[in-house]
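Notes for the one structure printed next.
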Amino acid sequence: MIFEGKKFILGVTGSIACYKSCQLLRKLQEDGAQVKVVMTDNATKFINPLTFQTLSGNPVYLKMFNKLDKNTQIQASNHEELVHIKLTQWADAMFVAPATANIISKTACGIADDLLSTLLISFQGPIIFAPAMDEGMYKNVIFRENLGKLKDKGYYIVPVDKGVLASGKIGEGRFASIESIIKNIKHALSAKPARPDVTSGQAGGEDLRSVKILITAGGTREFLDPIRFIGNASSGKMGYALAQAAKIRGADVKLISAPTLLSQPGGIEIINVVTARQMRDKVIENLASTDVLIMASAIGDFKPKTFTKQKRKRAEGSWDIKLVPNSDILLEVGKIKKNKITVGFSIETENQIDVAKEKLKTKNLDLIVANDIIMKNSGFCSDTNKAVFIDKNGKIEKMPLLSKIELADKILDKIQNIGRNKWKRRK
Ligand SMILES: Cc1cc2nc3c(=O)[nH]c(=O)nc-3n(C[C@H](O)[C@H](O)[C@H](O)COP(=O)(O)O)c2cc1C
C-alpha cells in the first residue's frame with residue numbers, strides 16, 4: 001500500500017465537484033492513509049459533513065472557534081482553539097480537492113480567515129491543490145496570477161482536465177481524475193521538498209521550468225481495411241506518466257499520442273495521431289521548437305503493403321498480408337537533432353542491453369531506456385516498470401521495479417542532469 005502509515009488532511013471547498021472528493025478519500029484510505037477532512041463553510045452547502053465523517057471514521061473539522069458559552073461568554077472548551085496547530089502537527093501532507101478559485105486566491109494572498117485557510121498558512125509540509133471551476137473563472141487574469149504565484153512558491157497544482165463542465169459547456173477547469181490526483185500526490189511526496197522553506201519565499205521543485213519537452217506515447221496502428229489494424233500492446237501509460245511528471249516539474253510539455261484509453265491530462269498540449277507516418281510527421285514538425293524529445297511510444301516497425309478500401313469478407317478465405325517496414329523516426333531525428341536531448345525506449349525479447357547500446361549509438365541518443373517486458377508487472381499496460389538506463393558515456397544503471405510515475409521522475413532526473421549546463425547557459 002503506497003500510503004501506508006501516512007496522515008493526510010483533505011481540505012474540501014465550495015465546488016460542485018465536492019462529491020468527487022469522497023472517491024478521493026476512499027482511494028487514499030484503500031492505499032493505506034489516515035485522512036482527516038476539513039471543510040469550508042461553503043463546502044457544507046454542497047455535501048453534508050456527515051458523509052465525510054462516516055467515510056473517514058474521523059470528526060470533520062469545520063470551524064476555528066467554538067461557540068461562546070452562554071453564561072461566561074468564553075469558548076466552551078479549548079480543544080478547538082488549538083485545532084489548527086494540532087492538525088498541522090499531525091499531518092504529513094495537505095490536499096485541497098476540489099480547490100475553489102477563492103481558496104487558491106486566498107492562499108496566494110496569505111489570507112487566513114477560516115480554519116482551512118489558516119491551516120494552509122501554518123502547515124509546513126507539502127500542499128497540493130486540485131482546482132475545479134468553470135472555464136470563465138479558470139481563465140480569469142487575477143486568478144491566473146494567483147495560481148502562478150502558488151506555483152512559483154512551490155505549491156503543487158494538479159492540472160485541471162478539459163471536458164464537460166458543471167454548466168454543460170466544454171472547456172478547461174474540470175476537476176482532474178482521481179487517478180491523476182493520486183499520481184500528483186505520489187509525486188509530491190517522493191519529490192525533493194517543493195517548499196524547502198515556506199517562510200523564505202524560495203521556489204523549489206520546478207527544476208524543469210520552461211524546458212520544452214516533446215513526448216510521444218501509445219501504440220500506433222496500421223490499417224489493413226477500414227475495420228482492422230495491426231497494432232501493439234502499448235497502453236501509453238509510460239508516456240503519459242512522463243508528460244505528467246514533466247508538467248509537475250515546470251516543463252512546457254507537448255504530448256504526441258497514438259490511440260490510448262487514458263484520460264487526457266490537463267495543462268498539456270496533446271496532438272493525436274494514429275499511424276507511424278503521422279507520428280513521424282508530427283515529431284519532425286515539432287522538433288525545431290523543443291529542447292528534449294522523449295520517444296516513449298511503441299511505433300509499429302511494419303505496415304501492410306496495401307490497404308483494402310472495402311471490408312474484407314470472411315467468405316473470401318485466407319488473407320495473406322505483406323508487410324513493409326516503416327521509416328525509423330529516431331534514426332532520422334538523430335541526423336538533424338543538433339544540441340537537442342533525445343531519449344529513446346527499447347523493447348527487446350533477447351540481448352536487451354546489447355541491442356539498446358547499439359540503438360543508442362546508431363540513433364545518436366543521449367539516453368536509452370531498455371524496458372523489461374519479460375518480467376511480470378513490467379512493460380506494456382502495467383502500472384509498474386523495470387528498466388535499465390544507458391547513457392552516451394556508456395554508463396549502465398539498473399532501476400528496481402518502480403511505478404511508471406516514479407520511473408518517469410528518474411528519467412527526468414537524468415535529462416535534467418544532461419541538460420543542466422545547456423539550459424543554464426541559455427538563461
Ligand atoms: C452551484 C455552485 C457551484 C460552484 N462551483 C464552483 C467551482 O466549481 N469552483 C469554484 O471556484 N467556485 C464555485 N462556486 C463558487 C464558490 O462556492 C464561491 O466562490 C465560494 O465563496 C467558495 O468558498 P470556499 O472557497 O470558502 O469554499 C460555485 C457556486 C455555486 C452556487
Side-chain angles (χ1 to χ4, degrees), residues 8-25 35-53 55-56 59-65 80 83-84 87-88 91 94-123 127-151 153 155-178 180-181 184 263-267:
F8 299 142
I9 297 171
L10 173 61
V12 182
T13 60
S15 153
I16 204 79
C18 270
Y19 70 96
K20 293 186 186 164
S21 46
C22 298
Q23 294 162 357
L24 177 62
L25 169 62
V35 186
K36 290 188 178 175
V37 177
V38 178
M39 296 176 78
T40 61
D41 195 32
N42 287 319
T44 64
K45 314 238 164 52
F46 291 84
I47 190 158
N48 195 304
L50 186 61
T51 310
F52 285 113
Q53 184 178 310
L55 291 176
S56 70
V60 171
Y61 298 83
L62 304 165
K63 302 242 180 270
M64 276 291 293
F65 303 103
E80 294 201 8
V83 76
H84 67 290
L87 275 175
T88 50
M94 259 190 96
F95 323 129
V96 186
T100 53
N102 181 49
I103 195 74
I104 287 170
S105 293
K106 281 200 323 193
T107 312
C109 299
I111 294 172
D113 65 351
D114 61 7
L115 178 59
L116 182 61
S117 53
T118 306
L119 285 171
L120 286 165
I121 282 192
S122 22
F123 187 59
I127 297 182
I128 300 159
F129 289 92
M133 65 203 67
D134 194 59
E135 191 172 45
M137 291 174 104
Y138 188 66
K139 293 203 164 155
N140 175 280
V141 281
I142 312 259
F143 170 73
R144 304 299 298 183
E145 264 180 43
N146 289 329
L147 191 70
K149 225 174 176 186
L150 290 186
K151 280 189 196 167
K153 301 277 177 250
Y155 291 79
Y156 291 94
I157 311 291
V158 180
V160 293
D161 277 353
K162 204 171 175 179
V164 183
L165 300 165
S167 60
K169 284 192 213 149
I170 294 178
E172 261 186 288
R174 212 174 125 86
F175 192 52
S177 66
I178 302 299
S180 166
I181 297 174
N184 277 270
S263 55
Q264 298 211 339

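Remember, it's 1-based here, ligands and their atoms both numbered in the order they're listed. Residues: numbered from 1 along the sequence shown.
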*atom 7 (C) of ligand 1 within contact range, any protein heavy atom under 4.0 Å*: yes
*Is the count of non-hydrogen atoms from other residues, nucleotides or ligands lying under 6.0 Å from K162 atom NZ greater than 12?*
no
*Heavy atoms from other residues, nucleotides or ligands near NZ of K45 exceed 12 (cutoff 6.0 Å)*: yes
Subset of ligand 1 atoms that lie under 4.0 Å from at least one heavy atom of [X]:
X   : answer
T13 : 25 (O), 27 (O)
T40 : 24 (P), 26 (O), 27 (O)
I16 : 5 (N), 8 (O)

Heteroatom distance test ([X], ligand 1): nitrogen or oxygen, under 3.5 angstrom:
X    : result
T100 : yes
A132 : yes
A17  : no

_Taking the basic N atoms (NZ, or NE/NH1/NH2) and the acidic carboxylate oxygens, is any pair closer than 4.0 Å for K63 and D114?_
no
*M137 contact mode with ligand 1 (heavy-atom cut-off under 4.0 Å)*: side chain
*Where does S15 meet ligand 1, judged by heavy-atom distances below 4.0 Å: at the side chain, the backbone, both, or neither?*
both
Nearest-contact summary for [atom] - protein heavy atom, Å:
atom                    : result
atom 20 (C) of ligand 1 : N42 ND2, 3.5 Å
atom 13 (C) of ligand 1 : G14 O, 3.4 Å
atom 11 (O) of ligand 1 : A101 N, 2.8 Å

Sole residue of [options] in side-chain contact (heavy atoms from CB on, under 4.5 Å) with [X]:
X    : options               : result
I157 : I127, L150, I128      : L150
F129 : T100, V158, L120, T13 : L120
L10  : V38, V60, V96, V35    : V35

_Using the rule given for side chain to side chain contact (heavy atoms under 4.5 Å, CB included), can you reason through T44 versus N48, listing the C-alpha separation, both sets of side-chain angles and the distance that settles it, and then say yes or no?_
CA-CA 5 Å; T44 64; N48 195 304; over 6 Å; no
_Any heavy atom of F46 closer to ligand 1 than 4.0 angstrom?_
yes
*With respect to atom 26 (O) of ligand 1, which of V96, N102, D134 exhibits the smallest heavy-atom separation?*
N102
*How close do L87 and I9 get, heavy atom to heavy atom, and via which atoms?*
O-CD1, 3.6 Å
*Are R174 and Y138 in a cation-pi contact, defined as NZ or CZ under 6.0 Å from the six-membered ring centre and within 45° of the axis?*
no
